[in-house]
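Values below: all heavy atoms of this structure, side chains included; hydrogens, waters and symmetry mates excluded.
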Amino acid sequence: CDQDFQPELYSTQWFLTLYARSLPLPHVLRLWDMLIAVDDPSFTFFIGLCLLRRKRDALLLVDAEKIPEIVMQLHFSGEEEIDSILSEA
């Protein structure tokens with residue numbers, strides 16, 4: 001599947017706002033807690049990769065024009081899912 005959707009179109013907002021404009025506030029606060037605890041600048045990018053990986057199949061199967069819609073709706077299902085990314089780090 002050849003999708004040409006540049007990361008700059010969505011990741012800039014994620015990284016500049018530390019996900020504050022993209023995720024529900026409780027998720028953002030939990031991520032910020034983890035960011036402070038981990039104290040590694042690359043952790044912010046890791047969160048983005050986790051979000052994309054969780055929707056990988058959907059992103060690969062849809063038409064290119066629907067990719068922005070899917071990416072803008074990416075979120076974690078709850079704090080338990082956010083906590084589970086620590087085991088992936």
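- Taking all atoms of both residues into account, the shortest heavy-atom contact from His27 to Ser77 is CE1-C, 4.2 Å.
- In this view, Phe45 and Phe15 satisfy the side chain to side chain contact (heavy atoms under 4.5 Å, CB included) rule, not counting sequence neighbours.
- Under the 4.5 Å side-chain heavy-atom criterion for grouping Ile, Leu, Val, Met, Phe, Trp and Tyr, Val38 is connected to Leu23 within one hydrophobic cluster.
- Leu59 has its side chain within reach of Leu52: a pair of non-hydrogen atoms, C-beta onward, lies under 4.5 Å apart.
- Residues Leu74 and Tyr10 form no side-chain contact, since every pair of their non-hydrogen atoms from C-beta on lies 4.5 Å or further apart.
- Side-chain atoms of Thr44 and Trp14, non-hydrogen and from C-beta on, never get closer than 4.5 Å to each other.
- By the side chain to side chain contact (heavy atoms under 4.5 Å, CB included) test, Pro68 is found to be paired with Phe5, residues two or more places apart in sequence or in another chain being considered.
- Remark: Leu29 pairs with Leu25, Trp32 by the side chain to side chain contact (heavy atoms under 4.5 Å, CB included) rule, at least two apart or across chains.
- The two atoms that bring Met34 and Ile82 nearest to each other are SD-CG2, 3.4 Å, heavy atoms only.
- Every pair tested for salt bridge (charged side-chain N to carboxylate O under 4.0 Å, His left out) that includes a residue from residues 33-43 fails, sequence neighbours excluded, so the list is empty.
- Partners of Gln13 according to the side-chain hydrogen bond (donor to acceptor under 3.5 Å, both in side chains) rule, which considers only residues two or more places apart in sequence or in another chain, are Ser22.
- Residues Leu18 and Val28 form no side-chain contact, since every pair of their non-hydrogen atoms from C-beta on lies 4.5 Å or further apart.
- In plain terms, the two heavy atoms of Asp83 and Arg30 that are nearest each other are OD1-NH2, 2.6 Å.
- For the residue pair Thr12 and Glu8, the shortest heavy atom distance occurs at OG1-O, 3.2 Å.
- Among residues at least two apart or in separate chains, salt bridge (charged side-chain N to carboxylate O under 4.0 Å, His left out) pairs with a member in residues 41-61 are Arg53-Glu88, Arg54-Glu81, Arg54-Glu88.
- Rounding to the nearest 0.5 angstrom, the gap separating the CE atom in Met72 from the CD1 atom in Ile67 is 12.5 Å.
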